[in-house]
Structures are given as C-alpha cells and as structure tokens.
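See structure below.
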Amino acid sequence: MDQPRITDEVFNQSPPFGDVNLATLDAALMDSVAAAGQTEAIAAFGTDWGGIDRLALGRLANENPPVLHTHDPQGRRCDMVEFHPAYHALMDASVSAGLHCSGWDVAGRPEHLRRAAHLYLVSQVEAGHVCPLTMTHAAPAALAASPHLLRAWLPRIRARHYDGRFLPFWEKAGVTIGMGMTEKQGGSDVRANITRAVRTNGDEYEITGHKWFFSAPMSDAFLVLAQAPEGLTCFLMPRFRPDGGVNGLKLMRLKRKLGNLSNASSEVEFERAFAWRVGEEGRGVRTILQMVQLTRLDCAVSSAGLMRMALTQAVHHARHRSAFQKKLIDQPAMALVLADLALEVEASTALTLRLARSFESGAANGGPQGEEAARTRLLTPAVKFAVCKAAPGFVFEAMEALGGNGYVEEGMMPRLYREAPVNAIWEGSGNVIALDLLRAARREPDAVYTLLADLKDDAAGLPGAAAAAEEVAQLIADGAGTEAFARRAAQELATLAAAAALAKAAPAAVAEAFAVTRLAQPRGLIGTNDIGGARDLLLARAYAA
C-alpha cells in the first residue's frame, strides 16, 4: 500500500494576500476621510490597488530595477533610463488618478485630503514610483515665481496622461518634473553648490556642473539650483532644448540604493545645459522652499502607508497561523504586540491626513490660508520628522511577527523594510527638519501659541495633553530651548498633534490609549505599553474584513 506524500502538504500557513480592499480593510483610514465625505471614492480606489494583479506590479517593479543606457548601439550619447513595464503600468494608474496634480486641479478646491489618502494606499503597493509623482505635484509651487513658466507648464502637469517616451515635452499631453538640488560637497547645505549658470538671453541660461542626487532622471524637466551672477538661483531644465536637440544632461550612473529600487536615482553632469530661470537671481533657496512643504507632506503620508502595509501583513499572518493550539492573534503576547502596532498606525494615519486637510482649507489653488496655513508651516516638519523616523523600527517589529516568513524575499516585508528609511532622509533628514521647525516657530511665535491652543482644545481631557503643550511651548516658543533640543520639540509636537487628530477621528478608547501610553508617560517598546481595554478594538479596526 502506497504511503501518503506528506512532504508536499502545506498547512498552517496564511493564504496569499491580495484581492482585498485596502481602504475598507483600514478603519483608521476610513474614519479620517469620513468627515470630508470621501469614503466612497477612497473605497473604490482601495479595491483597485488591493487587487492581486496590482500588488504583483509592485513586486515586479522592484525585482526589475531601472537600467541606464548612456550610449546607443552606434556609440551616440543617449542618456536614457529603461524601466520595467510594471513601473510604467503603476505610473499610468497613479497619473490617471491625479496623484501628480490634484492639488492644482482647475475646478473648485484642490483635493489634498483625497490625494493624500490615495498616496497612502499607493505607497502600500509600491512606494518607489511615488517619487516622480511627488516632485511633479510640488513643482508648480516653485514655478509660481515665474508666472509665464507656470502658465506654459501647468496645463501639461494637470493632464492625467502618462507618457514615458523619451520625447520633447511639447510633443506630450502630460509631463513629469524632477529635481536636482544636492552636490557632492554640499548635501543639505545647498548654498555650498558650485554648479554655474551663465545667462544667454533673457531668462535663458546655460548650466555647467553636477548633481549628486538626481531622481527620476527620465522626467521631462527638472528644477535645479545653480550659482548665477547674483547668487544661488532656481532653474527649470528640460530634457530637450527648444530646438529639439537633447539637452546637455549626462547621466553618469544610477545609484545602487538600499531600497526604493523601482525608482531611478542618478548622478548627473551638466554640459552647458539649457535652462530657464525660475524667480529672481539669488533667490533660489526661497523659490525652491515653496515646494518643500508639499514634498514633506508626501514623505509623511508615504511612510504612514508603509507602516500600514506592514501591519496588514502581520495581522493577516496572525489571523491564519496557529501555535500551541491557538491562532497567533489569540495568543495574549502577540495580541498585545499587534494592538500596539495598530495604535501606532491609527496615530500616523490620523495625523498625516489631518495635516493634508490643512493644505486645502480656505485654499483656491493649492495654498492654505489663515490658521490652517500656520498649521502647515509648523506641523509639517514635525509630522515628517516623527512619522518617517518611526517607520523603519515599526516595519521591523511587524516583520518579527511573521517570524522567518517575514525575513525571506518571497514576501513583502523585506521590500517594506528597505523602503522605510528613505523618507526620513529625503527632503530634510532628522536634524535638518527639526531645526526647520525651530526656525519656523521663532518666526511666528504667535502662531505657535495659537496652534498649541487648538491642539489642546482638540485633545481636551486626554491624559498628558496639557503638559505636552506646555513643554512644546517651552522648547520652541519661549526661547528656553536650544538647537540641541530640536528633535525633542519635533517629536513632542507631533505626538500631541497625533493625539488631537485621534480625538477627532478615532473612537474615544483609541485616543485615550494613545495619550496614556505616548503622552502621559514615555512610550516603551512595542508590546510593552499598557493599552488597557483597547486591545480588541484596535485589532478589529486593524483588519476590518
């Protein structure tokens, strides 16, 4: 009698993840968009991006990173980057949804909240292609310094048509915009840039020099900084010169990065490259800073999305895997870890989407007004600091919940783990962005007090909220703090703002648990915080199937 083939049996493993609605699975997300009446639109988007085919595109784009071709077969310089079809498919889907432009839509108010919710979902599937979307979306804020350039380029930016072909921008219905700021010797200190710009005619210049990080090098144009006669200046550099010839951008190599693999990041040399001046000579930093708040918001939202997908993977595994005669999710120690992770995601989701809503309040064309404008200036660096810093450690904790399955490349966790650090580094690393918060606060001390009063009102009754507001005031508003405490100020302000956002968007028990374990006392390692009776509620909301 033949023996059964038990070696081929697979059991006590979670089923493949996919064909789910990423939005409705996430109670925190749906609560955060409910007040704005966006639940139906977000739910439809969540179905599209939770499909097994869309998830496979994310995997394929990362397994097949871009390739640089400096020369064609006949030896002619071409400087082209070839992407896998999966990357182009993701770009097409995201551009069609307006992720590159919906803060600048013509009709009515800009859709920063809806766009942020979409970006949060897209980042869960594949975060690398978010880079060109973010830069394109932020570019009009800088181009506004030269209205004639904004008029010429904004219609193509607003177009929801992706065209990845290597053609002059005027032959395309839609375009993408990249950035090139940092140089070898300067990094975050862009005033140390040595790239030179020579005026040739009106606002036209030729630029010679280099950029150490030049992301999305197949974009149709790039915002770059260079030294003009009157000082550091912002320029718009197209890939093709106005006469139709390829511009003088020599791509030297693609960076070999820890993560963000689907996105091409390059080193470039400019050889008398044609560019238009954006804004006045000598005011390049001021011009480029107009877009920084938007890119920093995207960093925070994307990191929150990465955290959310890591949590989803961990809970999905725990709901199906058994150990010692119980599902993992029913084991008390694991349940507490997962609930504590869920609490972090509740906070990061509510916090980033509340900030996104500030960008559209009272706005006519992408710029907030009044108290909401002050909120964006003060909270954006703090939120970017706190959420992006939290992501790498969070993903590790979620990975551990899967055990060995979380550590192998066939699963999603290694990709999430490699991706998690980039947003904390891009658009201002920890010290840079925390110091930006101090500078913003010192410029607007009255706005700080107004913001703290609003946050205290929103978080009224939550343990530790009043004390946290007082500490932030001392650190950044009263002049008692120094630059050495900039990180502490950013972290405390973001934590207070998260509690306030939860108080408005989440069940009271969730807001209370967060305040008790993050405001009233120092937070401990994941799984060591006493979240009281909120455990089961958090687990149910984390996977609202």
Side-chain angles (χ1 to χ4, degrees), residues 77 79 131 135-136 138-150 152-153 169 177-217 219-243 245-253 255 265-296 425-429 431-433 435-436 439:
R77 189 95 197 192
D79 296 288
C131 179
M135 293 187 294
T136 304
L143 292 176
S146 289
H148 66 290
L149 287 176
L150 183 63
W153 284 82
F169 72 89
I177 310 291
M179 293 167 56
M181 305 297 159
T182 60
E183 298 182 5
K184 297 182 184 76
Q185 72 285 349
S188 297
D189 183 9
V190 295
R191 295 185 187 277
N193 284 8
I194 59 174
T195 294
R196 297 290 171 181
V198 176
R199 184 177 175 181
T200 57
N201 180 37
D203 65 349
E204 298 178 355
Y205 290 68
E206 286 185 342
I207 295 179
T208 301
H210 82 280
K211 295 300 170 187
W212 187 232
F213 279 94
F214 197 65
S215 289
S219 297
D220 296 288
F222 304 86
L223 288 163
V224 302
L225 293 175
Q227 298 287 356
E230 298 299 320
L232 194 63
T233 304
C234 182
F235 296 91
L236 180 67
M237 180 184 293
R239 282 303 307 265
F240 287 81
R241 303 175 66 90
D243 63 7
V246 178
N247 207 357
L249 287 76
K250 291 188 175 181
L251 302 179
M252 307 309 292
R253 63 171 176 166
K255 299 285 193 181
S265 299
S266 65
E267 296 171 26
V268 66
E269 291 183 357
F270 303 138
E271 193 172 274
R272 299 179 64 182
F274 172 88
W276 294 284
R277 188 185 71 245
V278 181
E280 300 175 22
E281 279 195 11
R283 298 177 68 84
V285 173
R286 180 183 292 273
T287 300
I288 215 70
L289 282 177
Q290 300 307 307
M291 62 190 293
V292 165
Q293 295 288 61
L294 291 168
T295 56
R296 287 177 171 177
I425 296 170
W426 192 48
E427 291 303 320
S429 56
N431 289 344
V432 170
I433 202 163
L435 291 170
D436 280 354
R439 283 189 284 270

Spacing of Q293 atom CD and L289 atom CG [to the nearest 0.5 Å]: 8.5 Å
Heavy-atom closest pair, residues A138 and M291: O-CB, 3.2 Å
For the student: nearest non-hydrogen atoms of A142 and L223, plus distance: CB-CD1, 4.0 Å
Under the side-chain contact (heavy atoms from CB on, under 4.5 Å) test, residues paired with R196 that sit two or more places apart: Q227
Non-hydrogen side-chain atoms of V278 and L149 separated by less than 4.5 Å: yes
Within the 6.0 Å centroid threshold, strictly below: W153 and F169: yes
Spacing of CZ belonging to R286 relative to CD belonging to E280, to within rounding of 0.5 Å: 9.5 Å
Main-chain N/O of T200 paired with E206 side-chain donor or acceptor, under 3.5 Å: no
Separation between CD of E281 and CG of L232, rounded to the nearest 0.5 Å: 11.0 Å
Backbone of A144 reached by a side-chain donor or acceptor of S146 within 3.5 Å: no
With M237, the side chain to side chain contact (heavy atoms under 4.5 Å, CB included) member among F270, Y205, W276, F274: F270
H210 and M252, any side-chain heavy atoms less than 4.5 Å apart: no
CZ (R439) with more than 12 external heavy atoms under 6.0 Å: yes
D79 side chain reached by V246 side chain, heavy atoms, under 4.5 Å: no
Residues, nucleotides or ligands: over 12 heavy atoms within 6.0 Å of R77 CZ: yes
Validation row: F235, L225 side chains within 4.5 angstrom (heavy atoms): no
Any F213 side-chain heavy atom under 4.5 Å of M181 side chain: no
Flag, side chain of K255 to backbone of W212, donor-acceptor distance under 3.5 Å: yes
Donor-acceptor under 3.5 Å (K211 side chain, S266 main chain): no
Short side-chain to backbone donor-acceptor contact, S265 and S215, under 3.5 Å: no
Closest non-hydrogen atom pair, N193 against Q185: CA-NE2, 3.6 Å
Flag, side chain of R239 to backbone of P217, donor-acceptor distance under 3.5 Å: yes
NE2-CG distance between H148 and D203, expressed to the nearest 0.5 angstrom: 4.0 Å
side-chain contact (heavy atoms from CB on, under 4.5 Å) against T136, all qualifying residues, sequence neighbours excluded: H100, I157, T176, I177
Donor-acceptor contact below 3.5 Å, side chain T195 vs main chain A226: no
Min side-chain heavy-atom separation T287-T233 under 4.5 Å: no
E204 atom CD, over 12 foreign heavy atoms within 6.0 Å: yes
Short side-chain to backbone donor-acceptor contact, E271 and K250, under 3.5 Å: no
Nearest non-hydrogen partners of L249 and A273, listed with the distance: CD1-CB, 4.3 Å
Salt-bridge criterion met for R296 and E427 (N-O under 4.0 Å): no
